[in-house]
Amino acid sequence: MCVGGMPEPQSDHALRVARFALDAVRAANSEVVASVMGDLNPRYCLFGDTVTTAAKMEAHSERNCINISIQAKKALDDQCPGISTTPRGLINIETRNVECFFLDQTRENYQVARVTGQAARMKLLETV
């Protein structure tokens, strides 16, 4: 599981997570609560429905696929037009059906994500 926009919110969080996912594993997009837990071995932990849903999505995913929710897809469509996904339909997660997509692992998606990320960084630098 991967979380974007932590500990400080980022306007392009879904794009950053997608770029990471294309290089690594999975993506999710919603609110969570974070805290450092433990005295002997402190850990930065995330809590919330999103964390539970992401774990269930991972359990219902397919090997070597990047499984994303409809919310993550919508955020990606806004932040990185042109990135492609494949609908996988409704996945039953506990008591609800969640619409899921696979982030296509194509050469074009890698290029779109990198170019969009570079443009976003340049735009950010212009405002500083």
Side-chain angles (χ1 to χ4, degrees):
M1 182 176 74
C2 174
V3 176
M6 296 280 297
E8 295 183 21
Q10 301 290 327
S11 63
D12 63 344
H13 66 279
L15 173 59
R16 290 173 184 231
V17 170
R19 288 177 41 223
F20 167 78
L22 286 169
D23 291 334
V25 202
R26 307 191 202 306
N29 180 32
S30 190
E31 293 182 12
V32 296
V33 175
S35 179
V36 175
M37 302 294 292
D39 294 325
L40 186 58
N41 291 316
R43 292 180 182 91
Y44 190 74
C45 298
L46 299 173
F47 304 93
D49 186 52
T50 300
V51 176
T52 304
T53 300
K56 300 285 185 187
M57 284 176 64
E58 180 179 12
H60 289 85
S61 190
E62 295 179 14
R63 184 181 174 129
N64 296 324
C65 290
I66 300 166
N67 195 31
I68 63 173
S69 67
I70 184 68
Q71 294 88 350
K73 182 190 181 323
K74 288 178 181 177
L76 264 177
D77 289 344
D78 289 343
Q79 296 172 22
C80 190
I83 202 155
S84 63
T85 58
T86 300
R88 69 175 298 217
L90 296 174
I91 305 298
N92 188 300
I93 298 179
E94 292 186 358
T95 60
R96 62 187 168 174
N97 290 322
V98 178
E99 188 174 3
C100 294
F101 297 81
F102 287 130
L103 181 58
D104 297 334
Q105 298 181 57
T106 62
R107 177 168 291 172
E108 292 79 17
N109 265 3
Y110 283 91
Q111 291 170 340
V112 167
R114 284 197 167 67
V115 168
T116 304
Q118 290 169 351
R121 282 191 296 279
M122 292 301 287
K123 188 175 182 179
L124 182 66
L125 289 174
E126 290 173 4
T127 62
V128 175

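- Remark: R88 CZ to E62 CD distance equals 5.5 Å, nearest 0.5 Å.
- To the nearest 0.5 Å, atoms CD1 (I83) and CG (L76) are separated by 5.5 Å.
- In this structure, the separation between OG1 on T85 and CD1 on I68 is 5.5 Å, given to the nearest 0.5 Å.
- Side-chain heavy atoms closer than 4.5 Å link hydrophobic residues (I, L, V, M, F, W, Y) into clusters, and following such links, possibly through other members, connects I70 to I66.
- For the atom pair CG (N67) and NZ (K56), the distance works out to 14.5 Å, reported to the nearest 0.5 Å.
- Counting heavy atoms from C-beta outward, S69 and F101 have side chains that stay 4.5 Å or more apart.
- Taken from NE2 in H60 to SG in C100, the straight-line distance is 9.5 Å, to the nearest 0.5 Å.
- Here the closest non-hydrogen pair linking A14 and A72 is CB-O, 4.4 Å.
- A donor-acceptor pair under 3.5 Å links the side-chain atoms of Q79 to the main chain of L15, judged by distance alone.
- Closest approach of S84 to D104, counting heavy atoms only: OG-OD2, 3.0 Å.
- Electrostatic pairing of K74 and D78 does not count as a salt bridge here, judged by no charged N lying under 4.0 Å from a carboxylate O.
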